[in-house]
Amino acid sequence: MQNRISTIIPFWPSVRWNVLAIILITAMALLIAVKSSHAQQSTPDQRRIALVIGNDEYEEISSLEKAVNDAVAVSQSLSEMGFEVTTARNIGRRAMSRAVNEFEKTIQPGDLTLFYYAGHGFSVSGQDFLLPVDIPQAGPGDESLVRDEAFLTNDLADRFLNAGAKTAILILDACRDNPFAVPGKRSIGGAGGLANQPLGEGIFVLYSAGQYQSALDGMGPGDNNPNSVFTRSLLVELRKPNASIVDIAKSTQVSVRDLAAQIGHVQLPSYYDQILGSVTLNPRAENVGVRGSTNEFQEGSTVAMLPRVDPAPKAGKGKPIASFTRSNAGWQATISLPEAAIQFGYRIGEDGEFVDAGTMPNIDQRTGKPMPVTWFALPPDQPAGTIYVTWRDKRGEEAGVFPINFDPNEALRAGQKQILEQLWTAWVAFPDSNKGNVYFTHLISYRCGISRVEYAYNNSDNFKQWTLPECDPSDPHRIPTDANIWEGVPDGAENMQVVITYFDGSQSPKRNFNVK
């Protein structure tokens with residue numbers, strides 16, 4: 001035994017270290033494999049969040065019919081797969097920016113993020129843009145307008161990853177025909193479709209059609225399916241448990257290609273995969289009811305309805321028109337908005353918060369909501385300055401903040417001129433109680449808007465000037481006790497002509513009044 005031992009011992013060190021080396025190498029390989037699997041594979045415990053947007057109701061370009069339906073259906077499927085879903089419908093530039101920003105804020109390190117978009121998309125110089133519903137009509141040479149008012153897909157994916165997401169999946173059903181095409185005219189871009197440009201690591205993008213292909217909304221007359229050809233195929237694949245995103249993309253490709261071919265259309269969805277490993281949208285053995293959540297995005301739900309800061313007026317938004325009316329009690333400011341609104345607010349001066357003017361007890365048929373009050377009172381001694389107004393359009397989106405200059409003297413004169421033009425039949429009166437006399441009381445009450453009053457009888461063109469008292473801005477409608485307010489009508493006078501020269505030098509038409 002001793003000899004055996006002595007014989008074996010000399011060889012033990014080399015055997016021992018060889019075995020240890022094998023064990024260490026194997027352990028390191030397993031560790032790397034585990035780490036790689038942990039870094040690249042989605043797990044049942046991974047947090048999954050999604051932002052889903054559907055845009056149908058475009059204001060200046062062609063509307064769509066199924067984008068909102070697509071978004072709602074995808075939201076429901078994702079929720080059933082365990083995603084926390086936020087859905088936005090028919091949103092403009094500001095609201096879309098807000099939705100993306102709020103979604104970005106919810107991202108936690110390691111999240112799987114999914115962004116689905118159905119609506120118009122457009123490619124400019126090889127870059128893909130998603131179009132909000134208030135995108136303006138663009139023609140040749142207006143490419144920069146699209147860039148400024150739309151959303152670059154690369155930016156969206158990068159933002160999600162920079163916020164800490166482990167994976168960013170974009171599904172874009174946004175390759176319909178050129179939305180800027182105008183029959184009989186040259187148009188920006190080509191026939192339609194997205195460029196399907198490559199994106200960075202950690203990103204997977206599934207396009208509803210191949211590069212510069214147009215995607216079908218439906219299969220033609222008689223197709224009652226509420227979803228687009230791409231999304232109806234995608235929904236089938238999303239419902240399959242344990243399918244990887246690549247499996248979903250490939251199966252959707254085949255299904256869409258075959259459906260489109262039935263009506264002679266070429267549509268082959270494409271995808272771009274820069275994810276290391278495999279990502280499963282529902283990495284569970286089976287679907288077991290609703291495990292996620294769905295939330296409806298509403299502009300204004302995460303911020304004060306009226307802004308605490310002053311966003312610049314949105315490009316393309318019309319400017320409001322203000323008019324001011326002075327009474328003995330003070331001023332009334334009336335603001336005419338360029339579009340339907342669900343809320344209106346104002347602020348006097350640079351500082352402070354906006355005042356919500358409230359709503360009227362009637363429904364605006366354009367919005368389906370109570371019509372906002374767009375007028376407000378000011379004290380009679382309101383000094384000159386700037387008034388700021390803002391509103392939310394029918395989608396609840398901020399229009400921006402618009403400054404309105406208020407000069408009480410200018411506003412007084414302009415307001416009185418407007419009243420005089422609207423109520424010209426009251427300029428002079430021939431009361432039954434004082435027959436044979438003509439009264440200029442109305443003109444004297446609104447004298448601050450008048451430079452000169454001239455009158456004549458029987459179309460003689462022999463005009464005389466009626467002397468008005470001085471304007472008193474502090475009490476503009478008061479008639480001085482010593483004011484001359486009437487005169488006797490000459491015998492034989494059958495009619496009277498009156499012409500007003502306003503404070504700004506403009507002149508009224510010759511107005512004719514029958515003498516009673």
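- Heavy atoms of other residues, nucleotides or ligands lying less than 6.0 angstrom from CD of E57 number 12 at most.
- In this structure, Q422 places its CD atom where more than 12 heavy-atom neighbours from other residues, nucleotides or ligands lie under 6.0 Å away.
- Looking at W486, Y455, W427 one by one, the single match for ring pair (Phe, Tyr, Trp, His ring centres under 6.0 Å) with F440 turns out to be Y455.
- Screening L112, I49, V52, V74 against F83 for a side chain to side chain contact (heavy atoms under 4.5 Å, CB included) leaves a single residue, L112.
- In plain terms, the two heavy atoms of V68 and D56 that are nearest each other are N-OD2, 3.1 Å.
- The side-chain hydrogen bond (donor to acceptor under 3.5 Å, both in side chains) with N227 is formed by just one residue from the set D173, D70, N69, D217; it is D70.
- Taking the centre of each ring, F344 and W391 stay at or above the 6.0 Å mark.
- Other residues, nucleotides and ligands contribute more than 12 heavy atoms inside 6.0 Å of the CD atom of Q507.
- Closest of all the heavy-atom pairs between E60 and I135 is CB-O, 3.9 Å.
- Residue Q497 is tested with N458, N459, N462 for a side-chain hydrogen bond (donor to acceptor under 3.5 Å, both in side chains); the sole match is N459.
- Heavy-atom minimum distance, A483 versus P469: CB-CG, 3.7 Å.
- Aromatic ring centres of F129 and F122 lie farther apart than the 6.0 Å criterion allows.
- For W424, the ring pair (Phe, Tyr, Trp, His ring centres under 6.0 Å) criterion is met by F513, not counting sequence neighbours.
- Within the cation-pi definition used here (under 6.0 Å to the ring centroid, within 45° of the axis), K417 qualifies as a partner of Y502.
- The two residues Q416 and P476 make their nearest non-hydrogen contact at NE2-CB, 3.9 Å.
- To the nearest 0.5 angstrom, M96 atom CE is 4.0 Å from I53 atom CD1.
- A distance of 6.0 Å or more separates the ring centres of Y346 and Y388.
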